[in-house]
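Worksheet for the structure shown next.
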Amino acid sequence: MNKVYLALGTNIEPREQHLESGLRGIMEHPNITVTRQSSIYQTAPVGYTNQADFLNMVIEIETSCSPLALLDYCQTLEQELGRERTIRFGPRTIDLDILLYNQENSKTERLIIPHPRMHERAFVLIPLHEIAPDIVIPEQERRVSELIKKLPGKDIKDVSIWIKNESADE
Ligand SMILES: Nc1ncnc2c1ncn2[C@@H]1O[C@H](COP(=O)(O)OP(=O)(O)OP(=O)(O)O)[C@@H](O)[C@H]1O
Ligand SMILES: Nc1nc2c(c(=O)[nH]1)N=C(CO)CN2
């Protein structure tokens, strides 16, 4: 079995529903077991900043799928959930990124593992730290708990725990 970390993100309403649909899609795959999931975080947009805040989370899965099979499946789910690719780093109903695949280091045209921007993104490192603080990021050769300390204070302030509003579902 392979231990993999995935990042989920959405900034189009209804954001919680999109996150839940993405998570459900992952759970429904016969060869994937979700073993841990972080809290949901509300995060200010990074990169292209003229867009709504995101909800982000990170999950740990065990899977017999290859990295490329996993990428195919994530992209199919993104399509099914109505993601349109327009602006780079722009708004999306659901974004599913592969962060880590065991301790592998690989670069192909379609897939780079570890995800090339994960080590500098508070919206990835903070949820990842909640579920796997001691995991080492290959290439960086640093634990998540060390990388998080290098984040600028401003980036950390842009990430806060999202408290689910139960009454919003009624
Ligand atoms: N680790 C990875 N996880 C997901 N996609 C990846 C990865 N490495 C490379 N890619 C490639 O990146 C392409 C663009 O992905 P996507 O549209 O999700 O980017 P983005 O979400 O806008 O930006 P970012 O990758 O910075 O989160 C995908 O088509 C995929 O082939
Ligand atoms: N806060 C936040 N910002 C982003 C995100 C994201 O998931 N959360 N995803 C991006 C492209 O993948 C670009 N910027």
Side-chain angles (χ1 to χ4, degrees), residues 1-12 14-43 46-47 54-85 88-89 91-148 159 161-162 164:
M1 273 303 162
N2 302 292
K3 194 190 267 195
V4 180
Y5 291 87
L6 301 180
L8 288 76
T10 170
N11 73 338
I12 292 176
R15 296 177 302 171
E16 270 185 53
Q17 268 180 37
H18 290 139
L19 220 47
E20 272 170 28
S21 306
L23 192 55
R24 199 174 325 116
I26 300 288
M27 285 172 166
E28 279 169 1
H29 192 292
N31 300 326
I32 299 178
T33 306
V34 176
T35 43
R36 282 188 207 176
Q37 65 185 70
S38 75
S39 306
I40 297 174
Y41 292 79
Q42 171 147 280
T43 67
V46 171
F54 282 75
L55 292 185
N56 286 108
M57 70 186 294
V58 168
I59 62 175
E60 178 189 270
I61 63 172
E62 281 178 5
T63 183
S64 55
C65 296
S66 68
L68 268 185
L70 209 52
L71 180 68
D72 281 338
Y73 186 66
C74 287
Q75 292 186 340
T76 304
L77 280 180
E78 288 178 348
Q79 295 295 325
E80 279 177 13
L81 295 171
R83 173 157 174 206
E84 288 169 21
R85 282 195 166 74
R88 183 162 191 230
F89 301 134
R92 64 269 326 274
T93 47
I94 193 80
D95 183 28
L96 295 166
D97 286 337
I98 303 175
L99 300 175
L100 303 168
Y101 188 98
N102 298 322
Q103 283 292 297
E104 287 181 23
N105 231 324
S106 75
K107 277 196 180 77
T108 62
E109 205 173 312
R110 281 192 67 206
L111 188 60
I112 304 174
I113 292 174
H115 188 286
R117 289 167 285 284
M118 68 172 288
H119 61 280
E120 57 189 27
R121 289 179 160 175
F123 68 81
V124 168
L125 291 181
I126 292 173
L128 181 60
H129 184 261
E130 184 188 339
I131 60 171
D134 293 328
I135 202 149
V136 172
I137 313 302
E139 284 230 316
Q140 305 298 316
E141 302 307 337
R142 290 224 149 70
R143 291 171 200 274
V144 176
S145 55
E146 294 171 88
L147 287 171
I148 218 169
V159 175
I161 285 259
W162 171 256
K164 189 176 159 69

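Starting from 1, each residue takes its place in the sequence as its number. In what follows, every heavy atom counts, from backbone to side chain, and hydrogens, waters and symmetry copies are set aside.
- Within 6.0 Å of CD in E146 there are more than 12 heavy atoms belonging to other residues, nucleotides or ligands.
- Judged purely by atom type and a 3.5 angstrom limit, E78 uses its side chain to pair as donor or acceptor with the backbone of L96.
- When all heavy atoms of P127 and A122 are compared, the closest pair comes out as CD-O, 3.8 Å.
- Here CD1 of I135 is found 10.0 Å from CG of L99. Values are rounded to the nearest 0.5 Å.
- Residue P67 comes nearest to I113 through the heavy atom pair CB-CD1, 3.9 Å, listed as atom of the first residue, atom of the second, then distance.
- Rounding to the nearest 0.5 angstrom, the gap separating the CE atom in M27 from the CD atom in Q37 is 5.0 Å.
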Please assess Y41 against L55 for the test side-chain contact (heavy atoms from CB on, under 4.5 Å), listing each intermediate value before the final yes or no. CA-CA 5 Å; Y41 292 79; L55 292 185; over 6 Å; no
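- Separating the CE atom in M1 from the CD1 atom in I61 is a distance of 10.5 Å, to the nearest 0.5 Å.
- Atom CG of L8 is separated from atom CD of E20 by 11.5 Å, given to the nearest 0.5 angstrom.
- Checking each of I59, V144, V58 against I131 for a side chain to side chain contact (heavy atoms under 4.5 Å, CB included) leaves exactly one that passes, namely V58.
- The two residues D134 and S145 have their closest heavy-atom pair at OD1-OG, 4.4 Å.
- Taken to the nearest 0.5 Å, the OG1 atom of T76 stands 10.5 Å off from the CG atom of L81.
- Looking only at distances, a side-chain donor or acceptor of Q103 sits under 3.5 Å from a matching main-chain atom of V136.
- L111 is not listed as a side-chain neighbour of Y101, based on a closest heavy-atom distance of 4.5 Å or more.
- You'll find the side chain of N56 stays beyond 4.5 Å of the side chain of V124, heavy atoms only.
- The backbone N or O of T63 lies less than 3.5 Å from no partner atom in the side chain of N31, so there is not a single donor-acceptor pair.
- We find the CG-CE distance between L125 and M118 to be 6.0 Å, quoted to the nearest 0.5 Å.
- Side chains of L6 and I98 form a contact here, defined as non-hydrogen atoms less than 4.5 Å apart.
- Two residues are said to be in side-chain contact when any heavy atoms from C-beta on lie closer than 4.5 Å; N105 and P114 meet this criterion.
- Formation of a donor-acceptor pair under 3.5 Å by the Q140 side chain with backbone atoms of L147 is not found in this model.
- Side-chain contact between L70 and I32: present, with at least one pair of heavy atoms (C-beta onward) separated by less than 4.5 Å.
- A donor-acceptor pair is defined here as one N or O able to donate and one able to accept, closer than 3.5 Å; such a pair exists between the side chain of Y73 and the backbone of G25.
- Side chain of T10 to main chain of L19: no donor-acceptor pair is present (N/O by atom type, distance under 3.5 Å, no hydrogens or angles).
- With 3.5 Å as the limit, one finds no donor-acceptor pair spanning the side chains of T33 and E62.
- At distances below 3.5 Å, not a single donor-acceptor pair connects side-chain atoms of S38 with backbone N or O atoms of E130.
- A donor-acceptor pair under 3.5 Å is formed between the side chain of H18 and the backbone N or O of P14.
- Using a 4.5 Å heavy-atom threshold, the side chains of L77 and I94 count as separate.
- Here the closest heavy-atom approach between residue H115 and residue D97 is recorded as NE2-OD2, 3.6 Å.
- Formation of a donor-acceptor pair under 3.5 Å by the T35 side chain with backbone atoms of E60 is found in this model.
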